[in-house]
Participant: 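First the structure, which I've put down as structure tokens, then a few questions once you've had a look.
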Amino acid sequence: MFSESVMEETIKNVESIITKWDPNSSSITRVTSLFHSNREEAEDFLESVKDLRRAMHTLVSEHSTSDKLLLAQNLMQIAMARLEKEFYQILSAARDQIDPESISARSSEGSSNLEDENELGSGEEFKTAGESNTNVERVTALAMSSDLKSIADCMISSGYSIECIKIYKLIRKSIVDEGLYLLGIEEFRPSQILKMNWEALEHQIKNWLNAVKIAAKTLFSGEKALCDHVFSASQTIRESCFSEITIGGLNLFRFPELVAKCKKLPERIFPLLELYEALSEIRPDVELIFDSESTSKIKQQAVSSLHGLGESIRAILSDFESTIQKDSSKTLIVGGGIHPLTQKVTSYISSLADYSRILSDIVADSSPPRNTAFPEAYLESPNYDASSTPAVSVHLAWLILVLLCKLDRKAEGYKDMSLSYLFLANNLQFVLDKVCTTRLYVLLGEDWVFKHAEKVIQYASTYETMAWGNVFSSLPEKNPPLLSPEAAKECFQRFNAAFEEAYKKQASWVVPDRRLRDELKVSIAKELIPAYREFYGTHKATLTRVKDFEVFVRFSPDDLGNYLSDLFHGTAISGSTSPPTPR
């Protein structure tokens, strides 16, 4: 307790320094910044306020009617008016020096953590820290943030927290709002997003993707560091201030949820995946920054947006699967080439594979696809054991399976069964090529590729048997007994007819994959040409004396090789090709 004489001496001492800095006086100090002009005097001023506060407590409890109490109260009001003005000036003048970005950077440095600067630093401390020119900006900001903390501590402990908080919220909220505006963040109503054309919405999505990491890791993080430092004396005050200052975060984190509610078209899944990825990456930061009850709405909004994006992405995947299954196009691809549905679906799925890390999170909790509606032959691969296969791999393999089953149905449209198998071989080979040249290979694995490569071989072999079986069977078996001239003549005639029919029919058929095309030609040639050469060599001499020899022996073995080399390029139109003639 103060004695009456000590108390009077205290009030007399503080009166001189406080009235000197009366903001309503006519002296030069009215327009001069106390904290900017002389740090030692600023420390004396704050210490004087503390002494005055202690004296007032004694007067209230022991001399509540004393004139000294009235004087002390007047002095306290003058002191608070000065500190209020200083607080406002520092916040206003220091928009650049203590912007959220610089605070965020400094708060992450152990050597300059703002939480460690609990008192107004002395001039000597700042002089030492600022000897290097590279530290000037850091030291300036450190001094300003320390000044703000000292003033806030003094005003709050003196019962003037409302005035202090009001100024802080006003200035800092304007800085955060301006930061969001400069990052291109706009406030949209749900109806505006739903009515926006896709090109404009894509532009907004790009803006958001560029802005959200800066907003979370710099703007909000830096603001929290500063707020926690300035109002370290009161958890309630700092949480309240930070909550009101960063209320714009609700609008920032609501945007993805609004986009997720737009029309769910297949091509829109990729911007949604990018939104989901960006939001997932900053989620730990969001939970750390908005960790109080007063800011929980912002954290919950980020979670809600993630949930909405995930639901929308799953819905698009489901719709895409249905689109494949419901494809009703009856148009047959001339020559058994690649169907547009194959190109579209494989391109889409390979693009999805580039987002496999994000997709794995999204489809992890969804039910595995049911394959009971598909042909038995397809259910052997891939393995749908969820315990051993990543969910995203199962999901993408399932979409490919849906496509292959649809291609099976489309192959039934070809009247020529051999062409239907060539169509299946071509399209499955196209799928395999896409898998092996994209990230799908990593996701589906060697076993998947091997099993489907075997199926291509099966399709190609079936095609070969059905398309060339009559040609092969028109020749005698290997090492036959020497035929009579008449029998040999009939055999040549059967072969000519079978070969001409097969060639004419297949002249317009295509095999786009060079490797598959070459393998088919080699396989047909290995089966056909050696057998024909043996027969040709054995019986040519017996027929050379027969009238119209050239009519019966139309092809040499080399002719067959030349004709086979022309196949599968689709250069002729089916039905208009002339029968092959000797070269």
Participant: Begin with the C-alpha distance, continue with both residues' side-chain angles, and end with the deciding distance and a verdict on side chain to side chain contact (heavy atoms under 4.5 Å, CB included) for I349 and V431.
Facilitator: CA-CA 10 Å; I349 295 174; V431 173; over 6 Å; no
Participant: At what distance, to the nearest 0.5 angstrom, does CG of D177 lie from CD1 of I185?
Facilitator: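 Those atoms lie 12.0 Å apart.
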Participant: Please check if atom CD in E267 has more than 12 non-hydrogen atoms from other residues, nucleotides or ligands closer than 6.0 Å.
Facilitator: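 Enclosed: over 12 neighbouring heavy atoms sit under 6.0 Å from CD of E267.
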Participant: For the pair R172 (side chain) and E223 (backbone), establish whether a donor and an acceptor sit closer than 3.5 Å, ignoring hydrogens and angles.
Facilitator: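 Looks like no, no N/O pair under 3.5 Å.
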Participant: From I282 CD1 over to K213 NZ, what is the distance, rounded to the nearest 0.5 angstrom?
Facilitator: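 So the CD1 of I282 and the NZ of K213 are separated by 8.5 Å.
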Participant: Parallel, tilted or perpendicular for F423 and H339, by the 30°/60° rule?
Facilitator: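 Correct class here is perpendicular.
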Participant: Apply side chain to side chain contact (heavy atoms under 4.5 Å, CB included) to the pair L352 and L317, showing each step before the final yes or no.
Facilitator: CA-CA 10 Å; L352 287 175; L317 290 173; 3.7 Å; yes
Participant: Would you say that F320 contacts I269 through its side chain, given a criterion of any heavy-atom pair below 4.5 Å between the two side chains?
Facilitator: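 Answer no - side chains too far apart.
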Participant: Between K173 and E244, does any NZ, NE, NH1 or NH2 come within less than 4.0 Å of an OD or OE carboxylate oxygen?
Facilitator: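 A salt bridge is absent here (no side-chain N lies under 4.0 Å from a carboxylate O).
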Participant: Is a side-chain donor-acceptor pair under 3.5 Å present for Q301 with S305?
Facilitator: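 Judged by distance alone, the side chains do pair up.
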Participant: Hey, what do you get for CD1 (I333) to CG (N426), rounding to the nearest 0.5 Å?
Facilitator: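 Result: 11.0 Å between the selected atoms.
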Participant: So which atom in A211 and which in L183 form the shortest heavy-atom distance, rounded to 0.1 Å?
Facilitator: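 Where A211 meets L183 most closely, the heavy atoms are CB-O, 3.5 Å.
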Participant: Going from CD on E163 to CD1 on I165, what distance comes out if it is rounded to the nearest 0.5 angstrom?
Facilitator: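 If we round to the nearest 0.5 Å, E163:CD and I165:CD1 are 9.0 Å apart.
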Participant: Restricting to non-hydrogen atoms, name the atom on C164 and the atom on F87 that form the minimum distance, rounded to 0.1 Å.
Facilitator: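 Scanning both residues, the minimum pair turns out to be O-CE2, 3.4 Å.
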Participant: Is the shortest side-chain N to carboxylate O distance from K206 to E202 below 4.0 Å?
Facilitator: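 Salt bridge absent between K206 and E202.
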Participant: Determine, step by step, whether I167 and E84 satisfy the side chain to side chain contact (heavy atoms under 4.5 Å, CB included) criterion, reporting the C-alpha distance in whole Å, the side-chain angles of both residues, the deciding distance to 0.1 Å, and the verdict.
Facilitator: CA-CA 8 Å; I167 295 171; E84 189 175 337; 3.0 Å; yes
Participant: Is there a donor-acceptor pair closer than 3.5 Å between any side-chain N or O of S158 and the backbone N or O of Y160?
Facilitator: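 Not confirmed, S158 side chain does not pair with Y160 backbone.
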Participant: Kindly say whether I237 contributes a backbone atom to a donor-acceptor pair with the side chain of S240 at under 3.5 angstrom?
Facilitator: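 No; zero donor-acceptor contacts below 3.5 Å.
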Participant: Compare every heavy atom of P284 with every heavy atom of S280, then report the nearest pair and how far apart it is.
Facilitator: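 In this case the closest contact between S280 and P284 is O-CD, 3.6 Å.
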Participant: Taking D327's backbone N and O only, do any of them form a donor-acceptor pair with K406's side chain (distance below 3.5 Å, no angle check)?
Facilitator: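 Indeed, once roles are kept as given, a pair shorter than 3.5 Å links the two residues.
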Participant: Taking the side chain as every heavy atom from C-beta outward, state whether F255 and V212 have any pair of such atoms under 4.5 Å apart.
Facilitator: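 In short, these two side chains do not touch, never coming nearer than 4.5 Å.
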Participant: Does L182 form a side chain to side chain contact (heavy atoms under 4.5 Å, CB included) with E178? I'd like the steps, not just the answer.
Facilitator: CA-CA 6 Å; L182 293 174; E178 181 183 3; 4.1 Å; yes
Participant: Quick one: does S393's side chain have a donor or acceptor within less than 3.5 Å of a partner on L443's backbone?
Facilitator: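 Yes, S393 side chain to L443 backbone: donor-acceptor pair under 3.5 Å.
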Participant: With a cut-off of 6.0 Å (strictly less than), are more than 12 heavy atoms of other residues, nucleotides or ligands near CD of E187?
Facilitator: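 No, CD of E187 has 12 or fewer neighbouring heavy atoms, counting only those of other groups under 6.0 Å.
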Participant: Are H395 and L359 close enough that some pair of their side-chain heavy atoms sits under 4.5 Å apart?
Facilitator: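 No - every pair of side-chain heavy atoms lies 4.5 Å or more apart.
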Participant: Are any non-hydrogen side-chain atoms of Y168 and L91 less than 4.5 angstrom apart?
Facilitator: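 The answer is yes, as the side chains (C-beta and beyond) meet within the 4.5 Å cut-off.
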Participant: Counting distance only, does the side-chain N/O of K169 pair as donor-acceptor with the main-chain N or O of C241 below 3.5 Å?
Facilitator: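 Checked: no pair found.
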Participant: Measuring only between side-chain heavy atoms, which start at C-beta, is K149 closer than 4.5 Å to F231?
Facilitator: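 Not in contact.
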Participant: Can you name the nearest heavy-atom pair linking G308 to A260, along with the distance?
Facilitator: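 Nearest pair, atom of G308 first, then A260: O-CB, 3.6 Å.
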Participant: Considering non-hydrogen atoms only, spot the tightest contact between L428 and H452 and give its length.
Facilitator: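 L428 and H452 have their closest heavy atoms at CD2-O, 3.5 Å.
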Participant: When you measure from the side chain of S243 to the backbone of S294, do you find a donor-acceptor pair of N or O atoms at a distance under 3.5 Å?
Facilitator: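 Yes; at least one donor-acceptor contact below 3.5 Å.
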Participant: Would you please say whether a donor-acceptor pair under 3.5 Å links the side chains of S234 and T236?
Facilitator: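 The criterion, which ignores hydrogens and geometry beyond distance, is not satisfied for T236 and S234.
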Participant: Hey, does the side chain of N251 reach the backbone of E186 with a donor-acceptor pair shorter than 3.5 angstrom?
Facilitator: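 Confirmed, N251 side chain pairs with E186 backbone.
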Participant: Report the residues that fulfil salt bridge (Lys or Arg N to Asp or Glu O under 4.0 Å) with E311, sequence neighbours left out, ordered by chain and then residue number.
Facilitator: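 E311: salt bridge (Lys or Arg N to Asp or Glu O under 4.0 Å) contacts with R314.
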Participant: What about F242 and F290, are their ring centers closer than 6.0 Å?
Facilitator: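 Yes, they do, as the ring centres are separated by less than 6.0 Å.
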Participant: So which pairs with a foot in residues 231-241 pass salt bridge (charged side-chain N to carboxylate O under 4.0 Å, His left out), sequence neighbours left out?
Facilitator: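 Qualifying pairs: D228-R238.
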Participant: Would you confirm whether S157, through its side chain, and C154, through its main-chain N or O, come within 3.5 Å as a donor-acceptor pair?
Facilitator: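 Pair found, side chain donor or acceptor close to backbone of C154.
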Participant: Less than 6.0 angstrom separating the ring centers of F270 and Y348, yes or no?
Facilitator: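 Centroid separation for F270 and Y348: below 6.0 Å.
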Participant: Of the options R439, E274, E277, which is the one that meets Y355 in a side-chain hydrogen bond (donor to acceptor under 3.5 Å, both in side chains)?
Facilitator: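 Of the listed options, the one satisfying the test is E274.
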Participant: Taking all heavy atoms of I151 and all of L83, pick out the closest pair and write down the distance.
Facilitator: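 That would be CG2-O, 3.7 Å.
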Participant: Answer yes or no: is there a donor N or O on one side and an acceptor on the other, between the side chain of W208 and the main chain of L252, under 3.5 Å?
Facilitator: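 Judged by distance alone, yes, a pair lies under 3.5 Å.
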Participant: State, without any angle test, whether S420 and E412 hold a side-chain donor-acceptor pair at a distance under 3.5 Å.
Facilitator: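 There is no such pair (donor and acceptor under 3.5 Å, judged by atom type) between the side chains of S420 and E412.
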Participant: Rounded to the nearest 0.5 Å, how far apart are OG1 of T295 and CD1 of I289?
Facilitator: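 The CD1 atom of I289 is 9.5 Å from OG1 of T295, to the nearest 0.5 Å.
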Participant: If you measure from NZ on K299 to CG on L288, what distance do you get to the nearest 0.5 Å?
Facilitator: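 Reported value, rounded in 0.5 Å steps: 10.0 Å.
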